Amino acid sequence: MHPFSRIIPFLAAVGICACSTGPVSVGSVSDALPPIFPDYVSVTVPCNIAPLNFSMRGIDHIRAEFSTGDRTLLDIRGRHGVVDIPIDGWRGMLAGALGDSVQVTVSAWGPAQPEGIRYRPFSFHVSPDSVDGWVAYRLIEPSYEGWRQMGIYQRDLSSFEEKVLVDNSVNDMGCVNCHSFAGYSPERMLFHARGTGGGTVFMMDGRVTKADFTKIGPGKQGVYPMWSPDGRYVAFSSNTTYQSFFGGHGQPLEVYDQASDLMVYDTRSGEMIVDERFQTEDRWETFPAWTPDGRALLFCSADPYPMPAEREKVHYDILRVGFDPDSGTFGERVDTLYAAYRDGGSASFPRVSPDGRYLLFTRTGHGTFPVWHDDADLVMQRMDDGSPVDVSALNSARSEGCHEWSSSGRWVVIGSRRLDGRYTRLFFAHVSSEGVCSKPFLLPQRDPDHNVWRLKSYNVPQFIRGEVRLPKKELKKMLK
């Protein structure tokens with residue numbers, strides 16, 4: 001049974017759902033689209049997404065009529081230019097519009113249009129492809145120099161509920177970062193806690209443990225974790241990272257490595273697996289990612305240069321090496337999936353779609369940390385032959401950085417700075433089985449301006465199938 005099939009009878013009972021009161025008649029009709037925020041014009045949304053609340057500035061009263069064909073499904077009237085959609089009515093409407101488009105007609109009244117104006121209708125498409133129920137992310141000020149409060153949060157995508165997964169109250173206001181989940185599971189995850197008593201915290205099937213990788217060969221700390229599909233192994237890179245700040249420069253900050261190696265942790269044996277080919281100073285390896293079958297590891301690799309003086313010479317390829325999960329050994333052959341010298345730019349954050357068909361990554365002009373590069377865009381190619389796939393619909397004039405596939409492979413979440421160039425916010429887009437991408441839409445919030453006044457960046461978004469429940473008391477004792 002479809003998860004929303006039980007709501008369809010409710011839709012018929014609701015008919016038109018009118019909320020609040022206000023004027024109805026309008027004095028003029030415009031051929032322009034309504035200037036709403038967020039921009040939900042012509043987007044494709046999952047059938048289980050939270051209501052797409054939106055607003056218009058400088059408006060006293062607003063009305064939004066949602067319809068399919070000649071039938072009005074929702075009639076929302078709001079004050080102060082805010083369209084606040086009741087969640088029950090919204091879910092009923094989505095259930096009745098699966099695979100169809102919903103047309104939205106917006107009318108507004110305010111000082112500039114006291115008699116009211118009706119705008120040209122826009123539409124959004126309701127995909128029958130649902131999205132994973134939750135998304136996790138870290139919230140942090142975009143400075144990387146200091147902080148007070150930071151945490152890893154989880155958001156219910158079918159509502160507006162956001163919960164703390166873990167914050168730095170558990171480790172005396174230290175840093176918490178590098179969260180990762182095994183197979184999108186809320187029962188199997190890890191994160192790093194930095195500072196006194198810190199380490200890599202694992203939660204596996206209700207049990208919480210801590211590992212100090214500096215005491216396990218080769219004695220290096222791990223970052224950018226990625227679980228293998230079977231949940232046994234975690235790939236890390238070990239990075240020596242610095243940052244430089246610029247004055248009077250279009251790019252305010254550059255984050256870079258001066259060393260980085262590749263390693264794999266075996267959660268069963270508690271041992272770190274290394275291959276000397278990926279432990280040398282001759283190449284920098286970073287951003288590991290597994291193929292869906294767990295039999296190969298992708299990573300970014302570049303020739304080293306003096307940093308930061310020669311940062312513009314650093315260009316990362318994407319390489320692939322085989323891995324035998326039974327013996328825990330790397331294969332001999334190393335393939336180049338993306339060659340920076342041939343294709344230009346520098347690659348980061350490689351992610352293979354769950355069906356193994358597509359490789360999605362970020363490409364920027366140089367370097368390893370694209371967040372502060374306005375030219376950073378998403379690039380996709382086919383895994384079988386390396387041919388490019390058009391994903392221009394996903395990109396903007398600002399940085400597109402971290403991204404992740406949903407478990408079905410039909411959705412991607414993108415960390416983008418397209419709104420203002422400074423704060424990374426979450427956008428979602430549909431990807432068809434043929435690799436066709438829809439226009440991204442901003443994470444819905446009950447207050448549409450929430451994404452503007454929240455002065456934190458959303459860092460490393462990852463889909464999860466359900467809510468994570470970490471034992472906070474145990475964590476505090478463990479991280480003292």
Side-chain angles (χ1 to χ4, degrees), residues 224 237 239 241 243-244 246 249-260 262 278 282-289 291 296-321 334-353 357-405 412 414-418 421 424 427 429 431 435-437 440:
Y224 304 129
S237 58
N239 302 54
T241 303
Q243 56 190 0
S244 292
F246 305 113
H249 191 279
Q251 179 188 332
L253 173 66
E254 180 74 59
V255 181
Y256 55 89
D257 293 332
Q258 288 192 339
S260 56
L262 197 67
F278 312 124
D282 297 336
R283 294 280 291 184
W284 292 339
E285 296 89 9
T286 189
F287 296 128
T291 54
L297 196 63
L298 278 62
F299 57 96
C300 297
S301 179
D303 290 324
Y305 285 90
M307 298 294 284
E310 299 185 32
R311 63 187 182 279
E312 294 185 358
K313 293 182 180 179
V314 177
H315 301 281
Y316 282 80
D317 306 319
I318 299 178
L319 306 183
R320 175 179 60 195
V321 62
V334 178
D335 298 312
T336 301
L337 301 186
Y338 173 82
Y341 73 87
R342 179 189 66 213
D343 300 318
S346 184
S348 57
F349 302 117
R351 296 291 185 267
V352 182
S353 60
R357 297 175 59 194
Y358 301 110
L359 169 61
L360 184 67
F361 59 96
T362 300
R363 181 174 63 194
T364 186
H366 65 274
T368 183
F369 202 80
V371 171
W372 291 99
H373 293 220
D374 280 347
D375 69 340
D377 281 334
L378 293 177
V379 175
M380 192 159 76
Q381 63 187 45
R382 294 178 177 85
M383 286 290 289
D384 56 0
D385 60 8
S387 60
V389 179
D390 180 13
V391 292
S392 56
L394 303 182
N395 294 315
S396 70
R398 298 292 191 175
S399 169
E400 269 66 63
C402 298
H403 49 270
E404 192 58 80
W405 293 92
V412 291
I414 306 163
S416 174
R417 296 196 167 182
R418 66 187 63 196
T424 302
F427 290 77
V431 183
V436 178
C437 301

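Here the structure is a predicted model, which is why all the values come from computation and not from measurement. Heavy atoms only: backbone and side chains are in, while hydrogens, waters and symmetry mates are out.
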message: Is there a side-chain contact (heavy atoms from CB on, under 4.5 Å) between M380 and F361? Walk through the geometry before answering.
response: CA-CA 6 Å; M380 192 159 76; F361 59 96; over 6 Å; no
- request: Examine F278 together with F299 and report whether their ring centres are nearer than 6.0 Å.
  value: yes
- prompt: D257 side chain to A259 main-chain N or O, any donor-acceptor pair under 3.5 Å?
  reply: no
Sidechain-backbone polar pair: N395 side chain, L378 backbone, donor-acceptor under 3.5 Å: yes
- line: Distance col, row R351:CZ vs L298:CG, nearest 0.5 angstrom, shows 10.0 Å
- prompt: Going through the checks in order, is the side-chain contact (heavy atoms from CB on, under 4.5 Å) test met by W405 and V431?
  reply: CA-CA 9 Å; W405 293 92; V431 183; 4.2 Å; yes
field: E285 side, atom CD; C300 side, atom SG - distance, nearest 0.5 Å
entry: 10.5 Å
task: Answer with yes or no whether the side chains of N239 and T241 bring together a donor and an acceptor at under 3.5 Å.
output: no
query: Atom OG of S346 and atom CD of E312: how far apart are they, to the nearest 0.5 Å?
result: 12.0 Å
field: Straight-line distance of F349 CZ to T286 OG1, nearest 0.5 Å
entry: 8.5 Å
- line: Heavy-atom closest pair (P440 atom, A429 atom, distance to 0.1 Å) is CA-CB, 4.0 Å
query: When you measure from the side chain of Y358 to the backbone N and O of G435, does any donor-acceptor pair fall under 3.5 Å?
result: yes
- prompt: Under 4.5 Å between any side-chain heavy atoms of L360 and V352, yes or no?
  reply: no
Minimum side-chain heavy-atom gap P288-L262 below 4.5 Å: yes
query: Do any N or O atoms from the side chain of R382 and from the backbone of V389 form a donor-acceptor pair under 3.5 angstrom?
result: no
- request: Answer yes or no: is there a side-chain heavy-atom contact under 4.5 Å between D335 and L319?
  value: no
- request: Check step by step if salt bridge (charged side-chain N to carboxylate O under 4.0 Å, His left out) holds for R283 and D317.
  value: CA-CA 11 Å; R283 294 280 291 184; D317 306 319; 3.2 Å; yes
- line: Scanning both residues in full, the closest heavy-atom pair of L337 with R342 reads O-NH2, 4.4 Å
task: Please list, chain by chain and in numerical order, all residues satisfying ring-ring contact (aromatic ring centres under 6.0 Å, His included) with Y224, sequence neighbours excluded.
output: F287
- prompt: Is there a salt bridge (charged side-chain N to carboxylate O under 4.0 Å, His left out) between R418 and E400 once you walk through the steps?
  reply: CA-CA 8 Å; R418 66 187 63 196; E400 269 66 63; 3.1 Å; yes
query: For the side chain of T362 and the backbone of G401, is there at least one donor-acceptor N/O pair under 3.5 Å apart?
result: yes
- prompt: How long is the span from the OG atom in S237 to the CH2 atom in W284, to the nearest 0.5 Å?
  reply: 13.0 Å
message: On a heavy-atom basis, which atom in A289 and which in P350 lie closest, and how many Å separate them?
response: CB-O, 3.2 Å
task: Would you indicate whether the side-chain heavy atoms of I318 and T336 approach each other to under 4.5 Å?
output: no
message: If you define the side chain from C-beta out and look only at heavy atoms, does anything of M383 sit under 4.5 Å from R320?
response: yes
Full working for side-chain contact (heavy atoms from CB on, under 4.5 Å) between Y305 and R311: CA-CA 7 Å; Y305 285 90; R311 63 187 182 279; over 6 Å; no
- request: Could I get the full list of side-chain hydrogen bond (donor to acceptor under 3.5 Å, both in side chains) partners for D384, not counting sequence neighbours?
  value: none
- prompt: Taking the side chain from S399 and the backbone from P370, do they hold a donor-acceptor pair closer than 3.5 Å?
  reply: yes
task: For residues H315 and D303, determine if any side-chain heavy atom of one lies less than 4.5 Å from a side-chain heavy atom of the other.
output: no
- prompt: Does some side-chain heavy atom of E254 sit less than 4.5 Å from a side-chain heavy atom of P308?
  reply: no
task: May I have the step-by-step check of ring-ring contact (aromatic ring centres under 6.0 Å, His included) for Y256 and F369, ending in yes or no?
output: CA-CA 7 Å; Y256 55 89; F369 202 80; over 10 Å; no
- request: Starting at CG of D374, measure out to OG of S396 and round the result to the nearest 0.5 Å.
  value: 8.5 Å
task: Determine yes or no for a side-chain-to-main-chain donor-acceptor pair under 3.5 angstrom, with H403 supplying the side chain and S416 the backbone.
output: no
- prompt: Is there a side-chain contact between V314 and T368, using heavy atoms and a 4.5 Å cut-off?
  reply: no
